[in-house]
Structure formats: structure tokens, C-alpha cells
Amino acid sequence: MTLGLADDLDDLMGDFEQEEDINTTIVDVVQEKESWITLSGDYTFSTAYNYDKAATIEGLSRLRNTLNLTLDMEFSKNWKSKVEMKALGDPVYELRDISGFTETLEEEQEFKEAYIQGTMGNFDLKIGRQITVWGKSDNIRITDVINPLDNREIGMVDIENLRLPVNTSKLSYFAGDYAFKVAVIHEARIQKEAAVGSEFFPSSIFPPAFVIPSVIDPESDKDSAQYTTSIDGTFSGWDISFYAAKVLDQRWHLENSNTIRTYTPITMSGFALNIASGSWIFKTESALLDDLRYNTTTQEKRRLDSLVGIEYSGVKDVTTSLEVANRHIFDYEAQMLSAPDYVRKNEMQTALRSSYTFDHDNATLTYLATVTGYEFQDGGFQRFWLDYDYSDTIKLTTGFIDYFGGEKPYLEAISVNDRLFFDFKYSF
Amino acid sequence: MKNRILKITLLLSLVLPMSAFALTALEIAEKVDAVDDGDNSISTMTMILIDKKNNKRVRTMKTFGKDKGVDKLSIIYFLKPNDVKNTSFLTYDYKDSNKDDDQWLYLPALKKTKRIASTDKSGSFMGSDFSYADMTDRDVKAYNYKIKKDTVVKGHKVWILEVIPKTQKTVDEYGYTKSYMFVRKDNFMVMQAIHFLTDGKKKFMTVKKMEKVEGIWTGLVIEMKTKKGKRTTHATILKISDIKYNQDLKESYFSVRQIEKGL
């Protein structure tokens, strides 16, 4: 029985059976048998071209080959383990006869995360080399103080390689909407920094007579153990976390009459809060840091780091976030603005990120800018790139990064490192 | 838990009305919405994405779902392709359309769980022709219904309902200006649908395989084609396998703790 004229509907009904180029004949997908052990990984070829004539390395600056392997083992429903290995090699230093500051970016092999984790009722235990991320912000780290970072190429390090895992024993207890976590960090691991004199550690930022001493790694013994604790609450529409830690400050300072560089512990307490409303997320974080050491004063300092941010996802396929942070040093002394500290009483940092996904999630365009100073006067960088999934296994990335200088000597010195980059990644 | 995929448009009733012919369009829609689509479910979901050059991409996921009163809790673990392996997505889907859903995404590359806030559900789900709106419940009251046809399609007696959002807000959030739902009279399953998108394109949904699993009508193979005019620009085949209902899933399973731990 036809209840009314519906010519367009009749026409459309024919479209269900229309012959066409796309073949949707059912494709049988082979379901892989689940195994207790799996090996996966990726190979990445990454290249970069520095287009600034004043660049430390002008022209081709990267021909890096990186292999990541991950071994996942599931011993039972409640116990499993992961081991990640990474190896990289970059022949560009030899090909271009770049010497003196290549260090680990020329060749590197290391274990990344390697841990065992299990569940016993409301308790979780995770032991081994691992990454623990604190905080709600995406671009500026305020409470995320546990893991050291790979700072060898500021703004260029892949996010999955940015944080460096540390040997940790972590116990978590879950009760309703809350998670209580305590951890002991057994490894005094420090940041990876660029080699002195390299494009991301220019010696020109120090006075001419200043000799930059070697780093003395802190001991990883029982006396230097670090501790962390947190309480996370997850609720409808909002999340909150409280943190406290005694961890290594990942900024070096000079000791022994400026003959060595070393890292010492700090204490931290803080919180992070997320509130979601519609397509908006409002974020705030704060951390109070004590026992900070500087080079231009003998007095240990206290610093308050605070952040507010918003994220908006109300436009189809677009996500935009803006974060603003301030770092305030208490009992500031005027000479701290001098070399080698170069810090202000209040340091402001702003980060803007926007990404647009299209072509059925195959492509994502992202813009990220981070700039320091209340009037953006201290410098920063902007990066614009395209990620494109050529296939299920091959991903291509291309873009550019533009460093802009300012009143901060370090950011001014690296402002010549602008580059185009291209990555080919094969996952297996 | 109601089978989330079927909730795209594939809602059904197990009980035939005593006088089906007397039902109004709204009553049919309410019966479609009231269908028992199971609880405490576990399934494997495979999506085959096909572009206009017939290139195929495969996404595989493991899904867990549970009803919490009228609300729905779900976790999706991404298994394939490898670059998204171990990514997982936790959703508290609230029946009350005035309350925002809670969503968290665990990103293994960042080792971080990120809260997601978006009332815009018109975006593509995992790059497929299904949108996030297609994967969640819709509020029956947010639409006007009209019986457009009473006919037979592929051997099944169906009503074809015209479904039009009452407000621009619903259009903006779900991305459809109008839909035609082909509702089977014998089980109140939607076996086909045509969705009109805000950009002028249309999406054609067809349930290719529908079976009773543990007494619950379940769409096992669903095709969604996006068309511009008469030309298909992209298509997705969604296959549900290993589906089990009434599993021992605790409410506490649907937590940030669980998505961070993984499967």
C-alpha cells in the first residue's frame, strides 16, 4: 500500500541496487589467532632540510633510520609484560662530514619501556622501566615531572619518543571513582640533551670565556630513590588529580666551582583539573616546586607553575587547544636573568594547537605554536605538518618548523634551525 | 547492552503488535527504540573501508558493552592496524540528551588518557562511513516521523519512515537533515536506511546479514555507502563476529583504569 507520492524515495530506493565501480562484495577478513606473545614494531626513515642560510647545519641535516620493536606477552588474564627496543642510525653526519657534536643522534640503541604489570583485585602493580604521565594539558608540562625528556631537537621529537622511561615500582589502588597511586623510582635518569656546540645546544649563548663542563650523572642507588604519589578522581563531566613527588629536577646546574654539571632532586606538589562542557574542555594545573637550584645564586628557590587552557572540538573534524602557563620564582634575585640561567621572575608560555582530520581519517593537518614571554618577546617556534596514512601500514609525514628568536638567548640562538621535514613510517 | 552498532538505525522489536497496521509513525519509532538489543555484550568488530579506487583498509576492534539503567557503557579496543593498536575508547552514553556523554581516549603513543568532549557526533567513526552518531543512541523525541511508504523490500514487509530532526541543534549534532528508515514489520528491525547529510551527500545503509544471536536480533554485516548524486564516493562494510551477550561484565570494568591496562 502506497500512502503517498514519494518519487524521490522511489528513485533513491533504486540506488541501493545500483551497479557501480566500488565493489562491496563481502571481503573475508582473516581473524588472527590470539597468541600470548606478539611482536610488533615500525621502521621510520626521517629526513630534514635546514633552509636558513645561517643554520648550524645548512641543507640536508637528517637521514635517520629508526627501528622500534615491541614485544607484548600476556601470561594470564591479569598479568602481562611489555618490552620495547629502539635502534637508530643517521649517516648524514658522516656523509656531510659533520663532526664534533653528533653523539647519540648518529647512532643509538636502547630499551624503552620494559615492565611487568598485574592486577590483584582492586590493586594494580607495575614494575620496570615505564612512563608515567601526570597532568591534563597537552602542550605545556606543569605537573608532568616524572619522566625526563628527549630534548635533543626541541620541537622535532616524536611524541612517542619524547618521554624517557625510568625504572619504577608502582602500586595503585582503585576505589569507585578514585585511584590512589604510590611509586618508587629506582633510576636517576636524566634528560637527553643536545651535544654542546650542536645546533640545539649552541655554545654562543654562554660568555666567551665560559667553559661548559661535562655532566656528572646522578647515582641510581637506594639513597637517591625518588618517590611519587597521586590521587585521581574521575567523574561525570570532570576529572581531578592531586600529585606529590620527590624527583630529579631535569635542569642541570653547575657545581664544584663550575667544573661539573649535575642534577639534584626537587619536591613537587600540585593538582590538575579537567571540566568538560559541550564541546569545550577547560583545564587548569598548578605545581609548587621546592629546592630548585640555579647557577646565579646559592639560594635554593621555590617556584609556582600554573596553567589554564581550553580545548574546543565543536567544529567537525577540527580540534583546537590554547594553553597559557606562568612560572613564578619566589625570592627572585636580579642576577638570575644573567648567563647561564637567563630566567625571569615570571616566565610565561603560550601554546596553540589546531588539527584538522580529513579524507576519512587518512590525513591530518596540524599547526602548533609555542611562544614565551608576556608579549611573546622571548621567542618560540611554530610547526605545521601533514600526516597521511598512505595505507594501513605506511604513514607519511611532511611539514616545516620555524623557530623564532627573541630576548631569550637560547631561543634566539636556535632560531636559525628552521627546516622542512619528511618521514616515512612502516608499521608491522 | 544494546548492540551499539544496531543502534545506528537498526533497532527492533521482538513482539509483533496486535494491530500493526494501526500504528502511527511515532509509535513505530518508539517500538524500534524499545527493542531489546541485549546486555553485557562482547564482540569483535571489523570495518572494511573502501575508497572510490577500490582500495581497502581494515580496522579491527574488540567491543565491550553494558547497560546502566537507561544509559550505556562501552569500551572499544583497537586491534588493527598496528599503528593504532592498544588505543582504547571508553564511553558513558547517557540517554538524557541534555546530559553530555563522558568519553575518554587512551593513546598508547602518549601513554595518556585524554578526555574527549564533543557534542558534534557527525564526524566519521575511525574514518568509516559510519559517524559517531551512527554508533550511539538517538533520542526518539528529537525527531518528527511520517510513514512514507508501506511496501515490500527484499521479501520483507516494511514501513518506510521519514525521520526529520525537530531542531537545527539536532541537525548540527548528528549531521543528518532527513532520514528514511526501512523498518521490518516482523521484528521492528531497520533493514535499510537513507540519510541526507548537511553537505548534500547521502548515505545508504543496508543490513546484509541479520540473525538471532542468543534470542536477540543482531545485524552481523552492515554496509554503509556515501553517495554524491548517483556515484558512490566511499563505502564501509561492518562485520560483527564472536558476539556474545549476557557476559559477566562488572560496571567497574568500564573505567579509565581498564582502558589504560588494555585487553
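Lettering follows sequence order; numbering is per chain, from 1.
Proximity to chain B is absent for every atom of Gln130(A), based on heavy atoms less than 4.5 angstrom apart. Looking at Lys283(A), only its side chain comes within 4.5 Å of chain B, counting heavy atoms on both sides.
A donor-acceptor contact shorter than 3.5 Å is absent between the side chain of Asp100(B) and the backbone of Ser277(A). Within the 3.5 Å criterion, the main-chain N or O of Asp389(A) finds a donor-acceptor partner in the side chain of Arg57(B). Formation of a donor-acceptor pair under 3.5 Å by the Asp392(A) side chain with backbone atoms of Val58(B) is found in this model. At distances below 3.5 Å, at least one donor-acceptor pair connects side-chain atoms of Lys80(A) with backbone N or O atoms of Lys261(B).
Between atom OG1 of residue Thr319(A) and atom NZ of residue Lys114(B) there is a gap of 7.5 Å, rounded to the nearest 0.5 Å. Between the NZ atom of Lys111(B) and the CG atom of Asn147(A) there is a distance of 10.0 Å, given to the nearest 0.5 Å. Separating the OG atom in Ser279(A) from the CD atom in Glu173(B) is a distance of 8.0 Å, to the nearest 0.5 Å. Rounding to the nearest 0.5 Å places NZ of Lys230(B) at 3.5 Å from CG of Asp15(A). Distance OG/Ser252(B) to CZ/Phe174(A): 11.0 Å, rounded to 0.5 Å. Summarising the geometry, atom CG belonging to Asp8(A) is positioned 8.5 Å from atom CD1 belonging to Ile194(B); distances are rounded to the nearest 0.5 Å.
When all heavy atoms are compared, the tightest approach of Asp102(B) to Ser236(A) is OD2-OG, 2.7 Å. Scanning both residues, Ala276(A) and Ala117(B), for their nearest heavy atoms gives CB-CB, 4.0 Å. The two residues Phe123(A) and Arg257(B) make their nearest non-hydrogen contact at O-NH2, 3.6 Å. Heavy-atom minimum distance, Ser40(A) versus Asn82(B): CB-ND2, 4.5 Å. For the residue pair Phe235(A) and Trp104(B), the shortest heavy atom distance occurs at O-CZ2, 4.0 Å.
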Could you walk me through whether His360(A) and His234(B) pass side-chain contact (heavy atoms from CB on, under 4.5 Å), step by step? CA-CA 9 Å; His360(A) 289 272; His234(B) 202 272; 3.3 Å; yes

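The environment of NZ in Lys68(B) is sparse: at most 12 heavy-atom neighbours from other residues, nucleotides or ligands sit within 6.0 Å. Summarising the local packing, OH of Tyr178(A) is surrounded by 12 or fewer heavy atoms from other residues, nucleotides or ligands at distances under 6.0 Å. Shown here is Tyr43(A), whose OH atom has more than 12 heavy atoms of other residues, nucleotides or ligands within 6.0 Å. Atom NZ of Lys228(B) sits in a sparse spot, with 12 or fewer heavy atoms from other residues, nucleotides or ligands closer than 6.0 Å.
Of the charged side-chain nitrogens involved, at least one lies within less than 4.0 Å of a carboxylate oxygen, so that Asp239(A) and Arg115(B) count as a salt-bridged pair. Between Lys170(A) and Glu260(B) there is no salt bridge, since none of the side-chain N atoms of the basic residue sits less than 4.0 Å from a carboxylate O of the acidic one.
In this structure the side chain of Thr38(A) reaches within 4.5 angstrom of the side chain of Lys85(B), judged on heavy atoms. Taking 4.5 Å as the limit, some side-chain heavy atom of Met13(A) sits within range of a side-chain heavy atom of Ile160(B). Side-chain contact check for Asp138(A) versus Lys112(B): some heavy-atom pair is nearer than 4.5 Å. Taking the side chain as every heavy atom from C-beta outward, Glu74(A) and Leu263(B) never approach each other to under 4.5 Å.
The candidate with the highest count of non-hydrogen atom pairs below 4.5 Å against chain B, out of Asn362(A), Thr234(A), Asp72(A), is Asn362(A). Chain B forms the most heavy-atom pairs under 4.5 Å with one residue out of Ser391(A), Gly14(A), Gly237(A), Gly41(A), and that residue is Gly237(A). With respect to chain B, the highest number of heavy-atom pairs below 4.5 Å among Asn274(A), Val133(A), Asp124(A) belongs to Asp124(A).
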